[in-house]
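Quick note: residue numbers are just sequence positions, from 1.
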Amino acid sequence: MTMGTRVYLARLAALPVFDPNGDRVGRVRDAVVRLRTTNRPPQIVGLVAEMALRRRIFLPIGRVTSMDAEAVVLSTGTLNLRRFEKRPNELLVLEDLLDRRVSIEAEDGTGTAKSGIVVDLGMELNRNNEWLITRVAVRQHTGRLTRRGHTYQVEYDRVKGLVGPTDTQGSANLVALLEQMRPADMANALQDLPDARRNEVAAALSDRTLADVLEELPEHDQVEILIQLDRERAADVLERMDPDDAADLLAELPKAEQTILLDLMEPEEAGPVRQLMSYTPGTAGSVMTSEPVIMTPDATVAEALARIREPELSPVVAAQVFVARAPSATPSGKYLGMVHFQRLLREPPSSILGGIIETDIEALRPETGLTEITRRMATYDLVAMPVIDNANRLVGAVTVDDVLDHSLPRDWRDRDVPEEAEEPAGVLPGVNHR
């Protein structure tokens, strides 16, 4: 990086981080600002990167050799794997500074200050090889709901209210950054925020996005976010979750609250959730999805391939088609068998599903326990298994991610896991302690 290079920090979010050998270390999650006792601009002392198993570590800025729109490259692959913790004199750019409402002084120091919302911060390298915040990108605050102010850049010393205490931090720009991430990564980022900020940002997400993120959060965070929403909004979000995930979340709430939220949900969305909640915990019925891909035996391979290409289907749900007599919603008509997507790819598009189904895999019953489910899936190398009732109707399917979610410890999604359980392979602990 050459002297005078300017880097905008919000643009680094989620970029991959590579060591000198081109091996990926993790992804950028934030940048660390060190406050100073004088009026000098704050100094960027490092980046926060997320590694395997959701560990966030500190990367000293001096170990970064390049930053561009594609990646961040380090000068060494030997890293300090101690979990990052913010110090009292430090702030995080995306977590603490983005979306702050600030005032912008006139260039000549006279006149009325303008109000704006921080959308990005630019840092530059000075003669002492220090990265300092020198520019702030702000969006003019109009105070009108129907008018979006224009965005412009100003020198850091003209910005007031950026690093002090504030009760005027919004969420729009952080939400925009988060929505570029996968739901699991968004969930990780939310866990790093203070509770009040996390709840505010979560509430600003769309119903669909918030539903996806809730499915990736620990149960205690799911509950905390959901109870902060008004009940109508909470019911809307639950409707957009997979029924099995919605059932798991509702099971964490008091019975009275469960009833209220289920009654607020649309009947066709609440029905499958109620049914899943009626099964004994730890059984196929309690962990299955009630919305697998189901088609009738007279459907063609071409129709089945078109169905599993639908983008809203998860990979494990789209990996196979279950074939049953009409109706094709659970509980279906008589269950006949299943067809894996690889078989679909090998057959002529005009072939009928009824002629290529596999019937030698014994279906699960709703009362089948997790240990037995795991044994069968491992034995036959399956990613999903059908669940049928006493009338031989398909009532759902247990997928491998369902089994993993319920086999791992309840707190496996939580960031606060023991250090010894997180040692990533291929990266050596260093001696660079902050």
Side-chain angles (χ1 to χ4, degrees), residues 183-184 187 211-223 226 237-253 255 258 261-262 265 268-294 308 312-322 324 329-332 335 338 340 361-414:
D212 291 341
V213 172
L214 285 177
E215 293 175 0
E216 302 295 338
L217 283 169
E219 290 171 349
H220 61 86
D221 284 332
Q222 292 181 1
V223 171
L226 194 74
V237 172
L238 287 167
E239 288 174 356
R240 286 159 178 77
M241 295 178 69
D242 289 339
D244 53 327
D245 290 307
D248 289 342
L249 174 49
L250 283 168
E252 299 297 314
L253 302 177
K255 292 289 186 182
Q258 293 176 20
L261 291 174
L262 283 166
M265 294 171 65
E268 62 269 22
E269 301 291 345
V273 178
R274 292 180 192 273
Q275 183 61 51
L276 290 168
M277 295 179 71
S278 71
Y279 293 114
T280 304
T283 63
S286 69
V287 304
M288 69 184 180
T289 175
S290 56
E291 298 178 345
V293 178
I294 307 173
I308 66 174
E312 68 271 15
L313 294 178
S314 68
V316 288
V317 171
Q320 58 282 304
V321 173
F322 296 99
T330 55
S332 71
Y335 173 68
M338 60 188 290
H340 195 272
I361 300 296
E362 182 183 357
L364 303 170
R365 296 289 180 173
E367 62 274 13
T368 305
L370 277 175
T371 301
E372 176 64 14
I373 296 169
T374 305
R375 186 187 66 79
R376 290 201 211 175
M377 294 184 79
T379 299
Y380 299 109
D381 295 326
L382 298 174
V383 296
M385 291 193 70
V387 182
I388 61 173
D389 63 12
N390 291 331
N392 210 35
R393 300 178 303 175
L394 187 71
V395 293
V398 176
T399 61
V400 67
D401 58 330
D402 295 327
V403 173
L404 287 173
D405 278 347
H406 291 82
S407 299
L408 290 168
R410 284 173 60 87
D411 62 350
W412 75 271
R413 294 185 189 276
D414 207 311

Steps toward side chain to side chain contact (heavy atoms under 4.5 Å, CB included) verdict (Q320, V293) = CA-CA 7 Å; Q320 58 282 304; V293 178; over 6 Å; no

Minimal heavy-atom distance between A270 and M265, with the atoms involved, is CB-CB, 3.9 Å

Please answer whether the main-chain N or O of A391 pairs with a side-chain N or O of D389 as donor and acceptor at a distance below 3.5 Å.
-> yes

Which atoms form the tightest heavy-atom contact between I294 and A324, and what is the distance?
-> CG2-CB, 4.2 Å

Any chance you could lay out the side chain to side chain contact (heavy atoms under 4.5 Å, CB included) test for L276 and M288, step after step, and finish with the verdict?
-> CA-CA 8 Å; L276 290 168; M288 69 184 180; 3.8 Å; yes

Is there side-chain contact between L394 and P331, with at least one heavy-atom pair below 4.5 Å?
-> no

Flag side-chain contact, heavy atom, 4.5 Å: T379 against R376 = no

Counting distance only, does the side-chain N/O of D221 pair as donor-acceptor with the main-chain N or O of P218 below 3.5 Å?
-> no

For the residue pair Y279 and G285, what are the closest heavy atoms and their distance?
-> CD1-O, 3.1 Å

Answer yes or no: is there a side-chain heavy-atom contact under 4.5 Å between S290 and Q275?
-> no

In Å and rounded to the nearest 0.5 Å, what is the CG to OG distance from D244 to S286?
-> 9.5 Å

Within the distance-only criterion (no hydrogens, no angle test), does the side chain of T330 pair as donor or acceptor with the backbone N or O of S332 below 3.5 angstrom?
-> no

Quick one: are D212 and M241 in side-chain contact, heavy atoms under 4.5 Å?
-> no

Any donor and acceptor pair, going by atom type alone, linking the side chain of Q222 with main-chain N or O of L249 inside 3.5 Å?
-> no

Side chain to side chain contact (heavy atoms under 4.5 Å, CB included) assessment of L253 paired with L226 | CA-CA 10 Å; L253 302 177; L226 194 74; 4.0 Å; yes

Heavy atoms, side chains only, cut-off 4.5 Å: are V273 and M277 in contact?
-> yes

Do T374 and M377 have side chains that get closer than 4.5 Å, going by heavy atoms?
-> no

Has the side chain of T399 got a donor or acceptor atom that lies under 3.5 Å from a matching backbone atom of V316?
-> no

4.5 Å side-chain heavy-atom contact, L261 and L238 = yes

Nearest-0.5 Å distance that lies between atom CZ in R375 and atom CG in L370 = 13.5 Å

For I373, the option from V400, L364, L382, V387 that meets side chain to side chain contact (heavy atoms under 4.5 Å, CB included) = L364

Looking only at heavy atoms, which two atoms of P292 and V317 are closest? And how far apart?
-> CA-CG1, 4.2 Å

Can you check whether L250's main-chain N or O pairs, donor with acceptor, with Q258's side chain at less than 3.5 Å?
-> yes

Evaluation steps, side chain to side chain contact (heavy atoms under 4.5 Å, CB included), between R393 and I388 = CA-CA 5 Å; R393 300 178 303 175; I388 61 173; over 6 Å; no

Close side-chain approach of P183 and E215, heavy atoms under 4.5 Å = no

